[in-house]
Protein chains: 4
Amino acid sequence: MSTNNQGEGGRRGRPRDAALRQRILAAAAELATREGVDVGFDRIARAAGASRTTLYRWWSSPHELLLDALLEAVQFSHETEGPGAAIETLRAQVAMAGRVLSDPVTGGALRALAAGALVDEDAQRRFQEHWLTPRRDAARLLIVQGMAEGSILKRDPDFVVDVLFAPIYHRVYFTGQPVDEELFDELIRLIAVPGQ
Amino acid sequence: MSTNNQGEGGRRGRPRDAALRQRILAAAAELATREGVDVGFDRIARAAGASRTTLYRWWSSPHELLLDALLEAVQFSHETEGPGAAIETLRAQVAMAGRVLSDPVTGGALRALAAGALVDEDAQRRFQEHWLTPRRDAARLLIVQGMAEGSILKRDPDFVVDVLFAPIYHRVYFTGQPVDEELFDELIRLIAVPGQ
Amino acid sequence: MSTNNQGEGGRRGRPRDAALRQRILAAAAELATREGVDVGFDRIARAAGASRTTLYRWWSSPHELLLDALLEAVQFSHETEGPGAAIETLRAQVAMAGRVLSDPVTGGALRALAAGALVDEDAQRRFQEHWLTPRRDAARLLIVQGMAEGSILKRDPDFVVDVLFAPIYHRVYFTGQPVDEELFDELIRLIAVPGQ
Amino acid sequence: MSTNNQGEGGRRGRPRDAALRQRILAAAAELATREGVDVGFDRIARAAGASRTTLYRWWSSPHELLLDALLEAVQFSHETEGPGAAIETLRAQVAMAGRVLSDPVTGGALRALAAGALVDEDAQRRFQEHWLTPRRDAARLLIVQGMAEGSILKRDPDFVVDVLFAPIYHRVYFTGQPVDEELFDELIRLIAVPGQ
DNA sequence: TTCTAAGCGAGACGGTACGTCCCGTCTTGAC
DNA sequence: GTCAAGACGGGACGTACCGTCTCGCTTAGAA
């Protein structure tokens, strides 16, 4: 991960080129979407007009780079307090997941990240830590809240998270079935307490 | 896919070496599990004591080879008639999926196949056609039957298939959570008509 | 060194491309002369229209390659019997050394080989073994013979070899002074028994 | 070459760090001897505890730096007047050359300088101008003097210089033969008028 | 038997990407 | 003005696979 140690005060050497960093992240996401999932430093560097050496200086693998790119692109809001009831905010999260996975820009990067996670153990750990876990945690909070409110079936919260999100990943990554509002509705309906 | 054109009768030249084919399939599955997902013809050939040329003659990519290896390893039974009710047979199918995904031998190959599907479009098509679709079809049949019997909630059958199987793939491929009998029970319970 | 194991009988795989080998050797010598001493596999491969991989298959360093190229270019004759007296044949050898060192084709390769020998210990050993020693041995033979005949001063033969050849290398490699017939005459005159 | 523009008086900015310069020169010579001939600014800087920028400020190549280092290390005495006859002083010069070339400290640097001269034209010019020519001039003076005295054979003085020094370089750089008092004696004996 | 088609191993070849190392230039802050 | 720190582009390195190709040997049914 690109450790951004420019924090406090006057660093000594030549300062890092921020614009270049942006160009690299953008090029990586763009390539993952357009050219396909198998992105290497070589092509990213060429596309960004940067030197391969520079990429190696800041990231130890294309997977790390793509993760950075994705995280900056989505600007995940950790707010879990929606205006309405817990189950409504939860539906919004589910829908957001579907949209990010389907989006031409973020979707390509995410698919590459998932493929990397399947291939490499470190990549899987990174993918979990920086992408999956934060989102699962946010969802779990709402689920527990919904259970307390009586609007969500009382099950293992982690299991409920799986039921809500796994089908979305599955459709986008493997079956190619539609990911639309109807799906989100059905998912929520499945874990909601009936007759509410 | 290994076009097995030995069908009818006396072909002219030297007959294909069946034992060799088995060694290759076994080596491929074994490598995918032990060495990791990124298997190439080179290493498979070396591990099987075969020549790279021979692999290229019969398969056009490691993905195809692995698919062959997997399909022969699992011997999928297309029987949908179980001894009991539809929902019981369905649970057996869900459990079987979980076991195949977790099994050290078949699990490795499957993970490699999934990774390939994420990377390459052709691979995704193959993976669907030969692995996912047959299993989804079998499950859908039982689901429709269960709905008619009144034991399964009336929803879009394809949606129910996703709910039952996607969490399993998700746990094995991404989150690493346990895939056990309890999970299978919860999955079935979620789509079963309550108070049955 | 390119081990040419095509000797006896029917080898199994695809046979080595002899023409390609020649193109590579020629390109290497040509580059060493024209572009300068610092030749790498990269540029040789490009110049020869070959793949870098192929060069690595046959030689483990540009130094080895250049040595091969040189040895095939000069076709050193190990004959020490000249038509005339020993000292005459010796003079011919001295002159030949001067010509090979000054020649635009062989000279470039030799300069590169010498530079390599100065930098790397293995290269120095190779350079001695395949270039210097054979030529020194041939000269020493004549020198001993000349001493017996009474035409050459009685000194340590190795010392005489140095005196005859070192000035030539020195002029070509370091001082840039002329290497001509006059020099050869003076060298021979210096080690000849006077009044002969 | 390190342009030493500290000559007269009050320069404006921070004065050059003389101790640092010494550390750099020492580190360069030491590295050339210990690590091998292929020395770059990078390693020299690290070894001297200096910044690469500083090296680039004062020298335009490692070759120049090494030349500086060598010239300061040997403190060549341009005195040609020895206590005895010309030929004795000449022998002392020959012996000195042998010692400098064999010395672990100066020898490494010299070998690197020679290698550089073989590779690069500018380096060769520098090597001649600052190393070879001054020494050759001093020797030539003595040789001419010796010829007038009748103690040295009447030949082209430059040729005699070659005969005296080239074998030494040749042995150290290429053949690895011993460079000892016996060799010096033989060299002098060869160009001396016999029966003196 | 001989002929001929196919299977198979061995290995050459061009090509692409990899991760590393060093180079030379540059931009900054501190002294 | 000197120096250290460090970013950056660039080039070559040696390695690992990839996909294609040209061979020779083997196996078997067909002529």
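Keep in mind it's a predicted model, so treat the numbers as computed, not measured. First the proteins, then the strands, lettered A, B, ... as listed; each starts at 1.
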Fill in the blank from the handout: dist Arg126(D):CZ -> Ser61(D):OG (nearest 0.5 Å) comes out at 4.5 Å
Problem - d(CG, Leu55(C); C1', dG15(E)) in whole Å - result: 13 Å
Problem - Whole-Å distance separating the CD1 atom of Ile24(D) from the C1' atom of dT2(F) - result: 12 Å
Practice task
Measure from the side-chain N and O atoms of Arg23(B) to the backbone N and O of Ala50(B), and report whether any donor-acceptor pair falls under 3.5 Å.
Solution key: no
Completion exercise
When rounded to the nearest 0.5 Å, the distance separating CZ of Arg21(A) from CG of Asp68(A) is 5.5 Å
Handout entry: 5′-ward residue of the pair Ala18(B)/Ser51(C) relative to DNA chain E
Key = Ala18(B)
Problem - Separation of atom CZ in Arg57(A) from atom C1' in dG6(F), rounded to whole Å - result: 8 Å
Fill in the blank from the handout: To the nearest angstrom, the CD1-C1' distance between Ile44(A) and dT16(E) comes to 16 Å
Handout entry: Beyond-backbone contact of Leu70(B) with Leu66(B), side-chain heavy atoms, under 4.5 angstrom
Key = no
Fill in the blank from the handout: On DNA chain E, more 5' by nearest nucleotide between Gly49(C) and Arg23(B) is Arg23(B)
Handout entry: Leu20(B) CG to dA6(E) P, straight-line distance once rounded to whole Å
Key = 19 Å
Fill in the blank from the handout: In whole angstroms, the gap separating C1' of dC21(E) from CD of Glu35(D) amounts to 14 Å
Fill in the blank from the handout: In whole angstroms, the gap separating P of dG9(F) from CG of Asp17(A) amounts to 8 Å
Practice task
Give the C-alpha distance, both sets of side-chain angles, the deciding distance and a yes or no for salt bridge (charged side-chain N to carboxylate O under 4.0 Å, His left out) between Asp42(A) and Arg46(A).
Solution key: CA-CA 6 Å; Asp42(A) 231 63; Arg46(A) 262 198 296 272; 3.3 Å; yes
Practice task
Mark yes or no for whether Arg52(C), through its side chain, and Phe41(C), through its backbone, hold a donor-acceptor pair below 3.5 Å.
Solution key: no
Completion exercise
With sugar-phosphate taken as primed atoms, P, OP1 and OP2 and all else as base, the protein-contact string of nucleotides 14-20 of chain F at under 4.0 Å (heavy atoms; B, S, -) is BB-SSBB
Problem - Spacing of Arg21(B) atom CZ relative to dG7(E) atom P, expressed in whole Å - result: 13 Å
Problem - Below 4.0 Å: OP1/OP2 of dT2(F) and any side-chain N or O of Trp58(D) - result: no
Handout entry: Short side-chain N/O contact from Thr54(B) to OP1 or OP2 of dG9(E), under 4.0 Å
Key = yes
Exercise for the section: Indicate yes or no for a side-chain donor-acceptor contact from Arg43(C) to the backbone of Asp38(C) under 3.5 Å, with no hydrogens or angles considered. Expected result: yes
